[in-house]
Trainee: 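The structure's right below; bear with me while I get my questions together.
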Amino acid sequence: MIFVTGGAGFIGANFVLDWLAENDESIVNIDKLTYAGNLESLSSLQGDNRHIFVQGDIGDASLISELLEKHQPRAVINFAAESHVDRSIHGPEAFIQTNVVGTFHLLEAIRAYWNKLDGNSKQNFRLLHVSTDEVYGSLAKDEPAFTETHQYEPNSPYSASKAASDHLVHSYHHTYGLPVLTTNCSNNYGPYHFPEKLIPLIIVNALAGKSLPVYGDGQQIRDWLYVKDHCSAIRRVLAAGTSGETYNVGGWNEKPNLEIVHTVCSLLDELRPRADKQGYAEPISFVTDRLGHDRRYAIDARKIERELDWKPVETFDTGIRKTVQWYLDNQDWVANVQSGAYRDWVEKNYQERS
Ligand code: NAD
Ligand code: TYD
């Protein structure tokens, strides 16, 4: 069996669902259930004894040790993190606690467990740490995309905390020989994405007739990857990646934010035309920029393609269409995540942006 941390979040939940759809190997899913954790995303697994959910913190080394001893996993995939840049600007401490201190305690528990393994179990064990392209910093328009050897130059408290966790993971490989794999992925989108991030926020606001906030001039570029392609990349790296190596994962889909917003609105115009015949793009509003906003991210994903024969299946056109349709078909899921805490966040983040 394998362990997944943060498996009630956006990417983790997609990973757990896809993993159990693809094979019968059980998962222990350890998630703290912060505001971003949502067991409803996993409701289709109710009664499925291949999925064992434990509410817990990756920073709780004694809980993690106990679970490792009990279940003897062959691998741990670490998705657990605080993941939202805007929240890291408003309150960086939780990012240091989970992404840095939490990852450190997780590593200590795993190192102790791995040291006691022997033979093939020890050799074949893997920790796969899921990271982000944001650790590499911001690119100018004409600079080449990030390769795995690009220098680390994180600019936000979020990306700095992820960079720190990547360095810790690498150091446990270099110093103790722990068999680790790291993936640095570009922006994901798809089902079960919490509507504080750009794409689901625009879908949800547009459907509610609310303003569509575009930070600054909307010309910041992100490289978008459909979440299920990210999940297949992680499965591939786990199966065939070389211990100690990093693999960049991306969709070759660089788009400015404003174009993303217009694409989402056009799809909504087509799939669910507004009763008043207005276009969904009508309430786009340019608001005060994010502090320290990175201008461009782009992933060079040639290593994972060359060495592990992985490529994304979805183009941006097919992936974004599936995503918009998913949100139209899952209005209950959307309504349930828009709790009081969500509304508080929206007020805090947007009221100060003119
Ligand atoms: P998310 O915020 O949607 O989910 C994070 C999950 O981790 C939540 O379920 C939360 O409850 C859980 N969690 C938080 N703190 C925890 C702790 N201390 N112990 C245990 N569980 C905890 O994030 P996501 O978008 O699914 O991202 C997953 C991982 O992928 C993160 O490590 C993130 O840095 C990385 N990543 C995300 C993207 C993206 O576009 N979303 C891109 C590249 C990399
Ligand atoms: P986000 O989804 O928060 O991901 P990240 O910051 O990790 O890339 O934001 C994606 C881009 O969209 C980023 O450049 C910030 C921008 N953005 C807006 O323009 N408006 C918004 O309301 C949000 C949440 C993001």
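Read the numbers this way: they start at 1 and go in the same order the structure lists the ligands and their atoms.
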Trainee: Please state whether Gly7 comes within less than 4.0 angstrom of ligand 1, counting heavy atoms only.
Mentor: no
Trainee: Quiz question: by atom type and distance under 3.5 Å, do the side chains of Asn78 and Thr5 form a donor-acceptor pair?
Mentor: yes
Trainee: So, Ser62 and Ser65: side-chain donor and acceptor under 3.5 Å apart, yes or no?
Mentor: no
Trainee: Which of the numbered atoms in ligand 2 are under 4.0 angstrom from any heavy atom belonging to Glu134?
Mentor: 5 (P), 7 (O), 8 (O)
Trainee: Return the closest protein heavy atom for atom 43 (C) of ligand 1 as residue, atom name and distance.
Mentor: Cys185 O, 3.3 Å
Trainee: Counting from 1, what ligand 1 atoms have a heavy atom of Val130 closer than 4.0 Å?
Mentor: 30 (O), 32 (O)
Trainee: For the pair Lys322 and Asp317, find out whether any cationic side-chain nitrogen is under 4.0 Å from an anionic carboxylate oxygen.
Mentor: no
Trainee: Could you check Ile27, Leu33, Val16 and say which one makes a side chain to side chain contact (heavy atoms under 4.5 Å, CB included) with Phe53?
Mentor: Leu33
Trainee: I need the atoms of ligand 1 closer than 4.0 Å to a non-hydrogen atom of Gly37, numbered in the order shown.
Mentor: 8 (C), 9 (O), 11 (O)
Trainee: Provide, to 0.1 Å, the distance between atom 25 (C) of ligand 2 and the closest protein heavy atom, together with that atom's residue and name.
Mentor: Tyr215 CE1, 3.7 Å
Trainee: Please check if any side-chain donor atom of Thr318 sits under 3.5 Å from a side-chain acceptor atom of Thr315, or the reverse.
Mentor: yes
Trainee: Could you identify the single nearest non-hydrogen protein atom to atom 2 (O) of ligand 2 and state the distance to 0.1 Å?
Mentor: Leu198 N, 2.9 Å
Trainee: I'd like to know whether ligand 1 has Phe194 as a neighbour, heavy-atom separation below 4.0 Å.
Mentor: no
Trainee: So is Gly102 touching ligand 1 or not, going by heavy atoms under 4.0 Å?
Mentor: no
Trainee: Under a heavy-atom criterion of less than 4.0 Å, does Ala94 contact ligand 1?
Mentor: no
Trainee: If you count the atoms of ligand 2 from 1 in the order shown, which ones are under 4.0 Å from a heavy atom of Val214?
Mentor: 19 (O)
Trainee: Does the side chain of Tyr297 pick up a donor-acceptor pair with the side chain of Glu134 at under 3.5 Å?
Mentor: yes
Trainee: Need the ligand 2 atom indices (1-based, order shown) with element for anything under 4.0 Å from a heavy-atom of Tyr350.
Mentor: 21 (C), 22 (O), 23 (C), 24 (C)
Trainee: I need the nearest protein heavy-atom contact for atom 40 (O) of ligand 1: residue, atom name and distance, please.
Mentor: Asn188 N, 2.8 Å
Trainee: Between Phe10 and Phe79, is the ring-ring contact (aromatic ring centres under 6.0 Å, His included) condition met? List the steps.
Mentor: CA-CA 10 Å; Phe10 163 47; Phe79 293 96; over 10 Å; no
Trainee: Is the contact between Tyr158 and ligand 1 made by the side chain, the backbone, both, or neither, using heavy atoms and a 4.0 Å cut-off?
Mentor: side chain
Trainee: What part of Leu33, side chain from CB on, backbone N/CA/C/O, both or neither, has a heavy atom under 4.0 Å from ligand 1?
Mentor: backbone
Trainee: Below 4.0 Å, non-hydrogen atoms only: which portion of His293 touches ligand 2? Side chain, backbone, both or neither.
Mentor: side chain
Trainee: Quick one: look at Ile260 and ligand 2, take heavy-atom pairs under 4.0 Å, and tell me if it's side chain, backbone, both or neither.
Mentor: neither
Trainee: Give the residue, atom name and distance (to 0.1 Å) of the protein heavy atom nearest atom 4 (O) of ligand 1.
Mentor: Gly9 CA, 3.4 Å
Trainee: Looking only at distances, can you tell me whether any N or O atom of Val85, backbone or side chain, sits closer than 3.5 Å to an N or O atom of ligand 2?
Mentor: no
Trainee: Under a plain distance cut-off of 3.5 Å, with no hydrogens placed, do Tyr136 and Asn248 share a side-chain donor-acceptor pair?
Mentor: yes
Trainee: Determine, using ring centers only, whether Trp326 and Trp333 are less than 6.0 Å apart.
Mentor: yes
Trainee: When you look for heavy atoms under 4.0 Å from ligand 1, do you find them on the side chain of Ala13, its backbone, both, or neither?
Mentor: neither
Trainee: Does any N or O atom in Tyr297 lie less than 3.5 angstrom from one in ligand 2, N or O only?
Mentor: no
Trainee: Assess Thr5 for proximity to ligand 1: is some non-hydrogen atom of it under 4.0 Å away?
Mentor: no
Trainee: Quick test: of every protein heavy atom, which one is nearest to atom 8 (C) of ligand 1, and how far off is it to 0.1 Å?
Mentor: Asp31 OD2, 3.5 Å
Trainee: Suppose I only count heavy atoms of Glu196 and a 4.0 Å limit; which atoms of ligand 2 are within that range?
Mentor: 24 (C)
Trainee: Counting from 1, what ligand 2 atoms have a heavy atom of Leu201 closer than 4.0 Å?
Mentor: 22 (O)
Trainee: Considering only heavy atoms of His84, which atoms of ligand 2 have at least one such atom less than 4.0 Å away?
Mentor: 3 (O)
Trainee: Give the atoms of ligand 2, by number and element, whose distance to some non-hydrogen atom of Pro213 is under 4.0 Å.
Mentor: 18 (C), 19 (O), 20 (N), 21 (C), 22 (O)
Trainee: Go through the side-chain N and O atoms of Ser165 and His129 and say whether any donor and acceptor fall under 3.5 Å apart.
Mentor: yes
Trainee: Is Asp86 in polar range of ligand 2, meaning some N or O pair under 3.5 Å apart?
Mentor: no
Trainee: Looking at Tyr113 versus Phe125, is the centre-to-centre ring distance below 6.0 Å?
Mentor: yes
Trainee: Just heavy atoms, cut-off under 4.0 Å: does Lys162 contact ligand 1 by side chain, backbone, both, or neither?
Mentor: side chain
Trainee: Any nitrogen or oxygen of Arg290, main chain or side chain, under 3.5 Å from a nitrogen or oxygen of ligand 2?
Mentor: yes
